[in-house]
Amino acid sequence: MLFDTPAPASPLLQNLNPEQLAAVTLPAGNALILAGAGSGKTRVLTTRIAWLLQTGQVSPGGILAVTFTNKAAKEMLARLTAMLPINARGMWIGTFHGLCNRFLRAHWKLAGLPSTFQILDTQDQLSAIKRLMKQFNVDEERFPAKQTQWFIAGAKEDGLRPRDVETRTDDDRKKVELYQLYEEQCQREGVVDFGELMLRSYELLRDNDPVREHYQRRFRHILIDEFQDTNRLQYAWIKMLAGQTVEGRFVPGDNSVLAVGDDDQSIYAFRGARVGNMADFVREFEVTHQIKLEQNYRSYSNILDSANALISHNKKRLGKNLRTDQGPGEPVRVYESTSDFAEAQWMVEEMRQLVRDGIDRKEMAVLYRSNAQSRVIETALFNAAVPYRVYGGLRFFERAEIKHALAYLRLLENKDDDTSFLRIVNFPPRGIGARSIEQLQDAARAAGRSLHDAVAAVGGKAGANLSAFVAKIDVLREQTQGLSLREIIELVLQHSGLIEHYRSEREGADRIENLEELVNAAESFVTQEGFGRDAVAMPVDELRQSPASQGLDPNLPITDEPLAPDAETGETMSPLAAFLTHAALESGDNQAQAGQDAVQLMTVHAAKGLEFDCVFITGMEEGLFPHENSLSDHESLEEERRLMYVAITRARQRLYLSHSQTRMLHGQTRYNVKSRFFEELPETALKWLTPKNQGFTPSAFGYGGGYASTRGGSYGSSKESFASPPVPPQKAAPSHGLRSGMQVFHNKFGEGTVLALEGSGDDARAQVNFPRHGIKWLALSVAKLTPV
DNA sequence: TAGATGTTAGTTTTT
DNA sequence: CTAACATCTA
């Protein structure tokens with residue numbers, strides 16, 4: 001046996017494999033768990049917490065467990081309460097942002113925030129930035145608001161305030177200036193964005209010794225899920241809670257940090273995630289225990305072998321190999337189609353067969369690299385009347401009508417929230433146009449006040465209209481005092497005129513339905529167990545509670561110390577404030593019609609953490625997957641490979657990979673070669689449904705005569721080849737005579753390989769990989785390319 | 001102020 | 001090719 005662990009004494013520890021058991025029962029100290037896909041990571045994490053509690057090593061108040069998504073946090077909590085009859089309230093289990101919010105609600109004064117601070121989501125943040133840029137006459141051509149937003153969010157992810165950002169160019173300086181102005185605006189309005197929640201919490205911990213020491217003493221065990229996805233700031237935040245930096249050197253504290261992650265599943269570098277945190281963690285936290293969970297309980301070995309072989313092409317790895325006790329299972333099926341249309345058509349037929357073989361549609365997933373690819377697939381499924389569900393897109397709290405209603409509610413809470421003010425000042429229309437608003441903004445700027453407060457300074461008809469609006473809000477605020485959350489929302493919906501407005505709109509019925517759903521959401525928020533956990537701050541109560549009062553062993557070490565200076569701020573939030581927080585931090589499931597047996601469509605990113613019996617990975621082409629923007633540098637190509645690794649490991653039983661010779665993109669037909677990832681998969685695990693290495697010959701490879709499907713295996717077998725699907729108009733072969741995969745010669749760059757072709761006639765372009773000069777796009781009307 | 005028309009970009013995304 | 005956005009005209 002690998003680990004010398006005592007026989008499981010507790011029923012908690014039964015049925016754990018040796019590595020899992022070792023991880024669950026690790027002694028105090030810092031440790032890293034490398035948890036492969038499908039290796040029972042969540043189980044280990046929750047059992048670890050349960051075991052710590054049950055063996056009296058820690059009280060619930062001493063636990064800090066951090067995840068990235070609300071879903072993961074909820075699942076952890078649910079599993080934990082199923083394992084142990086404990087009061088989960090004292091535990092800090094939640095997302096980074098949820099916990100930071102909780103922390104800031106408790107210490108708002110020390111953090112320099114109003115007690116009613118509101119949270120800006122990404123949309124709100126963008127509109128706040130646009131407003132700011134207009135106000136300061138920033139050229140939006142040179143500084144697109146989106147880019148400014150990206151810059152600010154990126155800086156915060158790295159823990160940088162404006163003065164910390166290095167500037168080289170004038171553009172940099174301008175961006176930093178905007179960052180500074182944005183900060184001042186947010187501060188004035190009493191709002192914080194997602195990054196700010198993290199950064200403020202971090203800075204308060206860093207700058208306030210009593211607060212930091214309190215929480216350091218309190219959280220004996222810190223557990224972090226998906227550690228490979230942490231950004232610089234999140235890692236720094238953890239260090240703040242679990243150690244000291246002495247003369248620039250980090251010294252781990254005496255609490256225990258358990259980081260769980262998988263470097264091979266790091267797919268969020270583009271939003272600031274830093275896999276390097278894993279190696280840094282091992283070094284800086286002087287990790288003595290590293291455990292690899294490599295036993296996979298999800299997939300058959302053909303699938304795992306494919307995943308292992310693929311990911312072995314990455315250089316930067318901590319090293320890990322998944323294994324399973326299940327047999328080889330079915331081969332990984334590979335299909336080549338002539339067009340994206342045909343690819344979708346084939347998939348629909350295949351799915352129908354799977355349904356006939358008794359597979360639930362909800363156990364089938366179609367994964368693609370980018371959202372744009374879903375369209376063709378949706379059309380094919382729709383035409384074939386196959387129920388499907390697309391992940392992604394607007395979530396409940398992001399819908400316009402919901403955001404409008406929330407803006408009213410937010411203004412009741414915080415009158416200075418100008419973003420909310422502007423959203424609804426003329427919605428529904430009440431005769432307040434751009435001119436009036438401009439006047440108001442000028443007045444507000446002059447007085448250094450919020451829009452709400454500056455209304456009195458605007459005269460004339462505009463002023464009257466504005467005053468009427470503000471009066472309405474103020475009256476609503478009065479009227480809603482003491483009402484229940486449900487009553488507040490109902491009253492606001494009525495008096496805002498939103499319902500009425502949507503009633504007169506053609507497409508309004510859905511929106512009204514959603515607004516009614518908002519009342520329900522609030523209702524269940526109040527009654528459900530969710531209330532009071534994530535959103536409401538009650539740290540003072542918790543802190544003053546002794547472990548004994550939580551129904552635990554009174555001999556446990558007391559970890560709850562009296563709180564730092566502004567402890568008096570621990571008053572419970574109003575249900576409205578809590579609900580608004582909830583709305584901002586948890587944009588709502590986007591499970592529109594959950595429960596229906598529908599095929600699941602989503603990007604590979606969205607599929608992380610999920611699993612399905614049958615998985616189709618589509619669009620396996622150079623330029624798409626790996627994405628063309630990732631081809632130029634090694635780092636991002638490795639991330640693409642990890643993405644493919646994530647995609648493969650979603651499948652339990654059956655995996656399909658498909659690629660198409662042509663694909664409509666941006667309204668033009670592109671000619672693609674199959675993905676390089678095919679070359680990185682083990683031939684023995686694959687089964688080519690279409691002849692391998694079929695060159696690109698549009699006319700020679702038609703529809704219908706494709707292949708005789710000879711499925712075997714667990715789903716029974718079917719023999720018939722497909723009925724010919726409708727034949728779409730076939731594109732003529734391109735006139736330039738080039739094909740993907742061809743070797744060509746260029747006068748300047750020399751010999752190269754054609755990777756992709758797009759456009760036709762004068763617009764035709766070719767993407768060519770020149771070994772000495774890299775990958776280039778060349779306009780065929782200009783560049784002379786001769787086939788070698 | 002609103003609807004109409006033009007313009008432009010177009011990976012991946014949770015909080 | 002679209003969808004989202006911005007600008008223009010009734």
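Order of the sequence lines fixes the chain letters, A, B, ..., with proteins taken first and strands second; residue numbering starts at 1 for each chain.
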How long is the line joining [atom1] of [X] and [atom2] of [N], in whole Å?
| X | N | atom1 | atom2 | result |
| --- | --- | --- | --- | --- |
| A/E639 | B/dT11 | CD | P | 16 Å |
| A/N629 | B/dT11 | CG | C1' | 6 Å |
| A/E622 | B/dT11 | CD | P | 18 Å |
| A/I224 | B/dT15 | CD1 | P | 18 Å |
| A/D121 | B/dT13 | CG | P | 16 Å |
| A/E635 | B/dT11 | CD | P | 22 Å |
| A/L610 | B/dT13 | CG | P | 13 Å |
| A/K71 | B/dT15 | NZ | P | 10 Å |

What interatomic distance, in whole Å, is found between [atom1] of [M] and the corresponding atom of [N]?
| N | M | atom1 | value |
| --- | --- | --- | --- |
| C/dA6 | B/dT11 | C1' | 24 Å |
| B/dT12 | C/dC5 | C1' | 22 Å |
| B/dT14 | C/dA3 | C1' | 23 Å |

Are any of the side-chain nitrogens in A/D264 or A/R642 under 4.0 Å away from the carboxylate oxygens of its partner? no
Is any side-chain N of the basic residue among A/R395 and A/E398 closer than 4.0 Å to the acidic one's carboxylate O?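 Salt bridge between A/R395 and A/E398, a charged N being under 4.0 Å from a carboxylate O: yes.
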A/H627: which residues meet the ring-ring contact (aromatic ring centres under 6.0 Å, His included) condition with it, sequence neighbours left out? none
So, A/T618 versus A/R369: side-chain donor-acceptor pair below 3.5 Å or not? no
Check whether the side chains of A/D262 and A/Q228 place a donor and an acceptor atom closer than 3.5 Å, and report yes or no.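 Note: A/D262 and A/Q228 side chains miss the donor-acceptor criterion.
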A/V615 vs A/L367, test: side chain to side chain contact (heavy atoms under 4.5 Å, CB included). Steps then yes/no. CA-CA 7 Å; A/V615 170; A/L367 310 186; 3.7 Å; yes
Is the phosphate of [N] approached by [X] (side-chain N or O, under 4.0 Å from OP1 or OP2)?
| X | N | value |
| --- | --- | --- |
| A/T95 | B/dT14 | no |
| A/N70 | B/dT15 | yes |
| A/R395 | B/dT15 | yes |

So which nucleotide from B/dT15, B/dT13, B/dT11 ends up closest to the side chain of A/A606?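 The closest nucleotide is B/dT13.
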What does [X] touch in the nucleic acid at a heavy-atom separation under 4.0 angstrom: a base, only the sugar-phosphate, or nothing?
| X | result |
| --- | --- |
| A/A434 | sugar-phosphate |
| A/L120 | nothing |
| A/G195 | nothing |
| A/N371 | sugar-phosphate |
| A/S587 | nothing |
| A/Y268 | sugar-phosphate |

Using a 4.0 Å heavy-atom cut-off, write out nucleotides 1-10 of chain C from 5' to 3' as B (base contacted by protein), S (sugar-phosphate only) or - (no contact). B-S--S----
Minimal non-hydrogen separation, A/A128 against A/Q185, with atom names: O-NE2, 3.2 Å
Quick test of the criterion, 5.5 Å between centres and less than 30° between planes. Is A/F270 stacked on B/dT12 or not? yes
Is the ring centre of A/H627 under 5.5 Å from the base ring centre of B/dT11, and are the two planes under 30° apart, so that they stack? yes
Is the ring pair A/Y268/A/H605 parallel, tilted or perpendicular, if the boundaries are 30 and 60 degrees? tilted
